[in-house]
Protein chains: 2
Amino acid sequence: MDTIAKLLKGKGQRLTSQKKEVIQVLQKKPLTVLQILTLVKSKKGMIDKVTVYRILTSFVKLGIVKEINLGAREVRYELTNCEHHHHLVCESCGQIEDIQLCEDALLKEVQQQSQFKVKEHSLEFFGTCKKCQ
Amino acid sequence: MDTIAKLLKGKGQRLTSQKKEVIQVLQKKPLTVLQILTLVKSKKGMIDKVTVYRILTSFVKLGIVKEINLGAREVRYELTNCEHHHHLVCESCGQIEDIQLCEDALLKEVQQQSQFKVKEHSLEFFGTCKKCQ
DNA sequence: GTTCATGCAAATACTTTGCAGACTA
DNA sequence: TAGTCTGCAAAGTATTTGCATGAAC
């Protein structure tokens with residue numbers, strides 16, 4: 001939280017209670033806009049949908065948060081303060097597990113096949129989690 | 001196209017001129033709803049946005065087409081009649097290249113680390129294509 | 001002819017913009 | 001106090017639904 005406070009300050013931006021709450025609820029797992037809204041409301045009582053959108057847009061720009069795509073039209077937001085990782089999305093219960101993989105070989109394969117210069121990649125898995133099997 | 005015709009017939013569904021056109025424009029590359037709409041309109045003159053949505057929903061259900069997520073809130077549709085592959089998305093010109101990779105090692109890695117049962121996965125790369133570098 | 005599909009209108013959902021008042025620093 | 005941020009209202013997009021007409025088989 002401290003690093004985030006400094007980052008905001010450096011950009012002339014303020015660490016409001018709404019921003020704190022959004023960061024708070026994102027600690028556990030990636031959430032959709034609606035989920036963030038609901039969670040913050042249930043804890044703090046008041047936050048507007050528009051404010052959530054604005055905070056997220058600003059956080060993405062500052063690199064505090066990143067957007068992930070899990071399934072069509074399901075955008076989620078995730079704190080970037082953790083290492084690079086991927087997700088295992090359970091199609092039955094909706095749970096999201098994180099996983100760390102070594103994808104160097106794949107990136108090399110891309111380089112060999114194509115002259116495309118890769119900056120980022122997304123890799124997500126869909127299936128059933130241990131519990132739901 | 002013939003296999004699609006049979007598939008539709010088997011489900012009591014009809015191969016209309018609109019459906020043919022949608023399949024037609026999807027032959028080249030994955031497109032958004034708006035792109036499909038524009039392309040079909042420019043060729044054939046008339047199709048409604050609602051019809052495009054309905055055709056796509058139905059095609060996804062039948063497995064004729066699949067949704068791919070290239071960046072947040074950018075859903076595209078792609079024919080499934082081709083082999084499993086991934087995409088290289090140029091962030092500069094928007095072009096999409098296909099690429100085939102061997103991701104067996106990764107899938108094995110997932111199995112070793114977790115008891116999650118993977119059914120599908122998505123893997124997309126973002127960066128700059130040869131032309132734009 | 002029957003039944004499914006399309007187009008239009010309108011409803012719903014999602015996201016962005018404008019502005020006055022509230023709050024952070 | 002200055003300047004950013006929030007909440008509310010409303011505008012803009014994107015997507016879905018209902019229904020009468022049209023088209024496929």
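Just the heavy atoms: all of them, side chains too, but no hydrogens, waters or symmetry mates, feed the values below. Proteins come first, then strands; the chains are lettered A, B, ... in the order of their sequence lines, and each starts at number 1. Because the structure is a prediction, the values reported are computed rather than measured.
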| said: Check whether A:Gln112 reaches the backbone of A:Glu109 with its side chain - one donor and one acceptor, N or O, closer than 3.5 Å. | reply: no

| message | So if I apply the side-chain contact (heavy atoms from CB on, under 4.5 Å) rule between B:Val22 and each of B:Leu31, B:Ile36, B:Thr16, which one comes out positive? | response | B:Ile36

Roughly how many Å is it from [atom1] in [X] to [atom2] in [N], rounded to a whole number?
X	N	atom1	atom2	value
A:Lys19	D:dT4	NZ	P	11 Å
B:Leu37	C:dC8	CG	C1'	14 Å
A:Asp48	C:dC14	CG	P	15 Å
A:Lys11	D:dC5	NZ	P	13 Å
A:Leu8	C:dT24	CG	P	14 Å
A:Tyr53	C:dG18	OH	P	18 Å
B:Lys6	D:dC25	NZ	P	14 Å
A:Leu15	C:dA25	CG	P	6 Å

| message | With nearest nucleotide decided by heavy atoms, which residue, A:Lys9 or B:Gln18, maps closer to the 5′ end of DNA chain C? | response | B:Gln18

| query | Which part of the nucleic acid does A:Leu34 contact within heavy-atom distance under 4.0 Å: base, sugar-phosphate only, or nothing? | reply | nothing

| field | Touch class at under 4.0 angstrom, heavy-atom based, for A:Arg54 against every strand present | value | base

| Pair B:Arg76 + B:Glu74: basic N to acidic O under 4.0 Å | yes

| query | Less than 4.0 Å between a side-chain N and a carboxylate O, is that true for B:Glu67 and A:Arg73? | reply | yes

| task | Going by the side-chain hydrogen bond (donor to acceptor under 3.5 Å, both in side chains) test, name the single residue among B:Glu124, B:Glu103, B:Glu97 that passes it with B:His86. | result | B:Glu103

| Is there a donor and acceptor pair closer than 3.5 Å between the side chain of B:Arg14 and the base of D:dG22? | no

| message | Nearest to the B:Val50 side chain among D:dT6, D:dT16, C:dT17, which nucleotide is it? | response | D:dT16

| said: From C-beta outward on A:Thr16, which listed nucleotide comes closest to its side chain: D:dT6, D:dC8, D:dA14? | reply: D:dT6

| query | For DNA chain D, whose closest nucleotide is more 5', that of B:Ser17 or that of B:Val33? | reply | B:Val33

